[in-house]
Every structure is written in structure tokens, then in C-alpha cells.
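Only one structure is covered here, and it is reproduced in the block below.
All values below were derived from every heavy atom in this structure, side-chain atoms included, with hydrogens, water molecules and symmetry-related copies excluded.
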Amino acid sequence: VITKEKIENTPSKTVDDLLRTEAGIDVIRPYGETSKSQSISLRGIYGARSSRILILLDGIPLNNLYNGSVDLNTIPIEIIKRIEVVKGAGSALYGTNALGGVINIITKKAPKRFGLQLTGGVGNMGSRKSKLEINGTMRNLSFILSGTKFHTDGYQNTPQEFQKSYYTYTDRRMDKNSLFTKLNYRLTPESNLYIQILRYYDKTNFGRKNYFGRTDQNRFIFGYSLKRGLQFSLFVDDLDDSYTSTGSGDVIKYESFGDKNFGGLNFQNILDLTTFWNLTWGIDFKEGNI
């Protein structure tokens, strides 16, 4: 378990950078913080774009049905309470993508008192980040509203003398914005209804003139949970990514757009059979339109 205390004290600014500090987890990030599709392996079990590692957000699968990838940039590190890592094959319990293990990212709960937090930071290569969060509880309703804004001019990994004409020093920049909303309504002391919405947008240049990609993503989760055993949730993931190049020389002019829509349901229950035995069972259904 990567605890709340470790997350608060880590110098890591992204989820994948935090994961790579743990033993047995390898993260391949070819374009540094501007990588839109990180590859993660557990105990040497590797699949392109994390396709053999199941990545969950509050128990909901994030791996898309197109190529199994997860862009961890879409999850602000500031909203995370803890991360649970199960190493080794877990398909018997978790199904698809869990050949190498499972990573469950658990978001934090709203405090009992109203709170407002504003943070910011700057770094080299024109890097800057700001975050505003409002949270609190009003009777049976608790809420978190967190927005982050990030910009960096990236980095240059090719020496000047080896750069081709269409590579430039300033065209590795990235802008990304995210808005996370979590509402939880307490029906009874034992049961809750919750809604979770994650809105994410980025524009990334890949080190070539006029060559960039965009990601526009909206993720919705609606759920019901009991304190002991029962959880039911519906999720919808609307992803639109595109790549555009209008360069010259060795770069062909093209535009590529990809609408990927995913959705499904997740049901879990624990039945106490005796004092010593219980039965864990569930249903997970996913459907994609690409």
C-alpha cells in the first residue's frame, strides 16, 4: 500500500512517477512527463501500454478496450488517498488485464468541515502547476471539487547537432487541465450513493514543428455501496484523442481523430456464510465503441 502520508511527502508530481518508486514496479515513460501512454509492468510481466496490468480507480477499471492503455496523466495526484498494489496474477478475482497484477487508485473522502486549498509550483523548462480544491460536508452530502492546471515546455533529449530540421527545442511543451468532482450522499449509516466525474484535457507537442496531439476525456461513475460487502456501480468513459501534423520535410501532413467510448457495470458482494467463511462474488461487464 502506498499510504496517504507517503503521497503527501513524496517529491513525485504524477501518479506514474510515484509508482516507479515502489519495488517490483517498472514504469516506461518515453517522453517524460509529456508521455500520454505509460507502460507499467509488475514483477517483469510486461504488456504494451499496461495491457497486462489492471489499473482501477476506486475499483472501476481504467484500461480501455482498444489497446489496454491507461493515461495516468488524467488522474491528479492531489485527489489520491492511497494506492493498493497486488503483485502477481490476479485474473481469477479481477478478470481482464490482471495477468501481471492489479493497481487500485483510491480517491480521498471529503472532510467533515468545509475546506479551501490553493497550491502552486514552478520549475525549469517553463514548468508551472496550480491547483484549487473546495471540499466539505453538509448534513448527509459530502463533496470534493478539485481543479488542476499544468504547463511545461518539456525537455530536449536530442543534442543540437543531431536534430533534424523539423525538430525544435521548444516544441515538446504540454498543457493539461483536469477537473475532479466527487459527491457522496449518505442514505443510512450503512449505505451511500455516489457520483464521480473526471474531466481532462491536454495538448502535447512531440518535438516536431506543428506536430501535436490532443486528449479530451470525460469519465462518469455512478454507484451505490454498503459498508459491509455490497457495491454496485455504472461507468461511462468518453475519450476523444487526435494527432495533427502540418509540418514539412520528412513529416507528412495528416490528421487523425479517434473517438473511443467505453462503459459498463461493476457489482461486488460478500456473503458471510459462517463465522470463519465468506463468499466473495461479482460481475464485471465492459463494452467499447471505437
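- The nearest pair of heavy atoms linking Asn261 to Leu239 is OD1-N, 4.4 Å.
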Pair Arg173, Asp153 - check salt bridge (charged side-chain N to carboxylate O under 4.0 Å, His left out), show working. CA-CA 4 Å; Arg173 60 187 180 274; Asp153 290 334; 5.8 Å; no
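- Nearest heavy-atom pair across Asp71 and Thr74 is O-OG1, 2.8 Å.
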After noting the C-alpha distance and the side-chain angles of Ser233 and Phe267, does the key distance pass the side-chain contact (heavy atoms from CB on, under 4.5 Å) rule? CA-CA 7 Å; Ser233 54; Phe267 177 83; over 6 Å; no
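- For the atom pair CZ of Phe232 and OH of Tyr224, the computed distance is 12.0 Å after rounding to the nearest 0.5 Å.
- Of the possible donor and acceptor atoms, one in the side chain of Asn104 sits under 3.5 Å from a partner among the backbone N and O of Gly59.
- Formation of a donor-acceptor pair under 3.5 Å by the Ser41 side chain with backbone atoms of Gly44 is not found in this model.
- No donor-acceptor pair under 3.5 Å is formed between the side chain of Ser91 and the backbone N or O of Thr96.
- Using a 4.0 Å cut-off between charged side-chain N and carboxylate O, Asp241 and Lys260 make a salt bridge.
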I'd like a table of donor-acceptor pairs (distance under 3.5 Å, sequence neighbours excluded) in which one partner is a side-chain atom from residues 279-290, with atom names and distances.
none

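- When all heavy atoms are compared, the tightest approach of Lys182 to Asp58 is NZ-OD2, 4.2 Å.
- For the atom pair Ser51 OG and Asn97 CG, the distance stands at 7.0 Å (nearest 0.5 Å).
- Checked by atom type, the side-chain pair Asn64/Ser69 shows a donor-acceptor distance below 3.5 Å.
- Of the listed residues (Leu72, Leu19, Ile2), just one forms a side chain to side chain contact (heavy atoms under 4.5 Å, CB included) with Ile105, and that residue is Leu72.
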Apply side-chain contact (heavy atoms from CB on, under 4.5 Å) to the pair Leu179 and Tyr200, showing each step before the final yes or no. CA-CA 7 Å; Leu179 180 63; Tyr200 176 83; over 6 Å; no
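- In this structure, OH in Tyr185 is found 11.5 Å from OG in Ser142, a value given to the nearest 0.5 Å.
- With respect to Lys176, the side chain to side chain contact (heavy atoms under 4.5 Å, CB included) criterion is satisfied by exactly one of Thr204, Asp202, Thr215, Thr148: Asp202.
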Could you walk me through whether Arg82 and Glu84 pass the salt bridge (charged side-chain N to carboxylate O under 4.0 Å, His left out) check? CA-CA 7 Å; Arg82 70 180 184 275; Glu84 298 177 353; 3.0 Å; yes
Between Ile83 and Leu18, does the side-chain contact (heavy atoms from CB on, under 4.5 Å) criterion hold? Intermediate values first, please. CA-CA 10 Å; Ile83 301 177; Leu18 176 63; 3.9 Å; yes
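- Annotation for Ser127 and Thr152: closest pair OG-OG1, 2.8 Å, computed over non-hydrogen atoms.
- The pair Asp237-Arg219 meets the salt-bridge criterion, with a side-chain N (NZ, NE, NH1 or NH2) lying under 4.0 Å from an Asp/Glu carboxylate O.
- A salt bridge links Glu133 with Lys131: the distance from a Lys NZ or Arg NE/NH1/NH2 to an Asp or Glu carboxylate oxygen falls below 4.0 Å.
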Decide salt bridge (charged side-chain N to carboxylate O under 4.0 Å, His left out) for Arg199 and Asp216; before the verdict, give the C-alpha distance in whole Å, the side-chain angles of both, and the deciding distance to 0.1 Å. CA-CA 8 Å; Arg199 168 85 176 107; Asp216 195 342; 2.3 Å; yes
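- Under the 3.5 Å distance criterion, the side-chain polar atoms of Asn63 are matched with a main-chain donor or acceptor of Ile55.
- Membership of the apolar cluster around Tyr94 extends to Leu54, Leu56, Val86, Leu93, Val102, as traced through chained side-chain contacts below 4.5 Å between ILVMFWY residues.
- To the nearest 0.5 Å, atom CG of residue Leu193 and atom CG of residue Leu187 are 4.0 Å apart.
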Quick one, Ile80 with Val15, criterion side-chain contact (heavy atoms from CB on, under 4.5 Å). Give me CA distance, side-chain angles, the key distance, then yes/no. CA-CA 9 Å; Ile80 299 173; Val15 177; 3.6 Å; yes
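- Note that CG of Asp16 is 10.5 Å distant from CD1 of Ile103, once rounded to the nearest 0.5 Å.
- Between Glu22 and Arg20 no salt bridge is recorded (no basic side-chain N to carboxylate O distance below 4.0 Å).
- Lys149 NZ: 12 or fewer foreign heavy atoms inside a 6.0 Å radius.
- The distance from the CG atom of Leu42 to the CD1 atom of Ile53 is 4.0 Å, given to the nearest 0.5 Å.
- Pairing each heavy atom of Phe235 with each of Ile221, the nearest pair is CB-CG1, 4.1 Å.
- Salt bridge status for Glu78 with Lys13: absent, with no side-chain N to carboxylate O gap under 4.0 Å.
- For the residue pair Lys81 / Thr107, no side-chain donor-acceptor distance below 3.5 Å is found, with atom types taken as modelled.
- Tyr201 belongs to no hydrophobic cluster with other residues, because no ILVMFWY side-chain heavy atom falls under 4.5 Å from its own, directly or through intermediates.
- Taking all atoms of both residues into account, the shortest heavy-atom contact from Thr21 to Ser12 is CG2-OG, 4.2 Å.
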